[in-house]
Amino acid sequence: MNETPVTEPRGATAGAGATDRRQSVSIQLSAPTFGAAELREITAAIQDGWVTGGPRVARLTMGLRSYLGVEHLTCVSSCSAGMKLALVELGVGPGDEVLVPAVTFASCANLVVHQGAVPVLVDVDPDTGLIDLDGARDAVTERTRAAFVVHLHGRPLDMDAVAAFTADTGVPVIEDAAHAIGARWRGRMIGSFGNPTAFSFHASKNMTTVDGGALVSPSRDAADRAGLLSRQGMSRPSWDRHEDEAPGAYDIVAPGFKFAMHDVAAALGIHQLKALDERTERRLQLARLYDDALADVDVRVAPPAPDHARHAMHVYAVRIPGGEARRNRVARELSRAGIGTSVHFRSLHLHTYYAESLGLEPDDLPRARAYSDESLSLPMHPGLSDGDVEQVVEALRGALGG
Ligand SMILES: Cc1ncc(COP(=O)(O)O)c(C=O)c1O
């Protein structure tokens, strides 16, 4: 798909601030890319007069099932909503523990807390920031009810090791694939490994419905329950009822949530999905340009994914040696040069709530601390030119020298 994007890169996403600041950033950290097809589809959805969940959500659902090679997938209002449904399905509740990698967005841990359970933070691989599965094994107790694994930055986890973890410990895994739509492990799509897997279509992600997500379920029953709970526990969706003689005839069969996706979001998603592979290839090309250009710069680039795997390259992060203060100084210099950066992520145990509620000191998870102190995410989205990458690398070289 070679459609000309209709959007100029703008800072609608992480790393950009208020409008004034956004205008001063010339190379955005990330930016959604929309084509004319998305605009046409949104207009059509509005003109058709059915904007809540209906035929376009059904089309996106079918498209995602076929793209991922899965049978049971439910479109939802966010990745967090999908992960909540997965925790409910596993019956996670008070007294349970759920393993969560320390370096990730707060969503997984927050959801565990809202189930009345305890998130147990696991240290990470020093090079990739992915969960250390040996550490996860050591953290399993008789209370461990589930483990989140996160395909951080779009890098696929070693799914052979994930399967071995579950086989050895009996602990079910929930995959947080917020960053990883289109990532593959040994030729298989992330999402197709039989674990509940949630994707994010937030505005910053590789494909977007502005906000939205999808949950892959391991069985038809689990998917049916996820669908039911996503629409407040109503026995039938409103689209199925609207031509009935008795459209008000539904039954609440479980206490559900308002987690369903709507058709205007799906209108975007249908065309974002069609463009996804081409845009991911551009991301991977940009990452190779960064890797080459950074070869003589004093930063650590992330190790490549194995040849048999495909990184979705949602985030391109480097490590700035010297710790948090130096990394922050470099980020400020880049910001002054009009370049957006961010940190994906500051370890959860360094945030006030988790430090206090779990009683953790910074050095209790030393690799997560080092990773989050040194990590700096550089601009990465398909709207970047080769020249933008050169400009970022030159600015980074200057900032490190200063
Ligand atoms: C790793 C990770 N997991 C989960 C989420 C939550 O996604 P959503 O905003 O779609 O709920 C995010 C959002 O940025 C994320 O980065």
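Both counts, for ligands and for their atoms, begin at 1 and track the order of listing.
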K.L.:
Identify, by atom number and element, the atoms of ligand 1 in contact range of T104, meaning under 4.0 Å from any of its heavy atoms.
P.N.:
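Answer for ligand 1: 1 (C).
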K.L.:
Should we say atom CZ of R143 is surrounded by more than 12 heavy atoms from elsewhere, each under 6.0 Å from it?
P.N.:
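Incorrect, the count does not exceed 12.
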K.L.:
Please list, in number order, the atoms of ligand 1 under 4.0 Å from a heavy atom of F345.
P.N.:
16 (O)
K.L.:
For ligand 1, which atoms sit closer than 4.0 Å to a heavy atom of A178?
P.N.:
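Numbered from 1, ligand 1 contributes 2 (C), 3 (N), 4 (C), 5 (C), 12 (C), 15 (C).
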K.L.:
Starting from atom 11 (O) of ligand 1, find the nearest protein heavy-atom neighbour and note its residue, name and distance.
P.N.:
S80 OG, 2.5 Å
K.L.:
For the residue pair H151 and E175, confirm or rule out a side-chain donor-acceptor distance under 3.5 Å.
P.N.:
yes
K.L.:
Using heavy-atom distances only, which candidate in H179, H202, M83 approaches atom 16 (O) of ligand 1 most closely?
P.N.:
H179
K.L.:
I'd like to know whether OH of Y250 has more than 12 heavy-atom contacts from other residues, nucleotides or ligands below 6.0 angstrom.
P.N.:
no
K.L.:
Which residue holds the protein heavy atom closest to atom 12 (C) of ligand 1, what is that atom called, and what is the gap in Å?
P.N.:
F105 CD2, 3.5 Å
K.L.:
I need the nearest protein heavy-atom contact for atom 7 (O) of ligand 1: residue, atom name and distance, please.
P.N.:
C79 CB, 3.4 Å
K.L.:
Is it the case that the side chains of D388 and S385 hold a donor-acceptor pair, with the cut-off being a distance below 3.5 Å and no angle test?
P.N.:
yes
K.L.:
Quick test: of every protein heavy atom, which one is nearest to atom 3 (N) of ligand 1, and how far off is it to 0.1 Å?
P.N.:
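Nearest protein contact, heavy atoms only, for atom 3 (N) of ligand 1 is D176 OD2, 2.6 Å.
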K.L.:
In terms of side-chain heavy atoms, does H271 have a donor or acceptor partner in E38 at a distance below 3.5 Å?
P.N.:
no
K.L.:
Yes or no: does F201 have any heavy atom under 4.0 Å from an atom of ligand 1?
P.N.:
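Checking ligand 1 against F201, which is what was asked, there is no heavy-atom contact under 4.0 Å.
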K.L.:
Looking at R346 and D373, is any side-chain nitrogen of the basic one under 4.0 Å from a carboxylate oxygen of the acidic one?
P.N.:
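No.
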K.L.:
Using non-hydrogen atoms of the residue, decide whether K205 is closer than 4.0 angstrom to ligand 1.
P.N.:
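So K205 counts as touching ligand 1.
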K.L.:
Is a side-chain donor-acceptor pair under 3.5 Å present for R282 with Q285?
P.N.:
yes
K.L.:
Which residue holds the protein heavy atom closest to atom 10 (O) of ligand 1, what is that atom called, and what is the gap in Å?
P.N.:
S200 OG, 2.7 Å
K.L.:
Do H344 and H153 make a side-chain contact, defined as non-hydrogen atoms from C-beta onward lying under 4.5 Å apart?
P.N.:
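A side-chain contact under 4.5 Å exists here.
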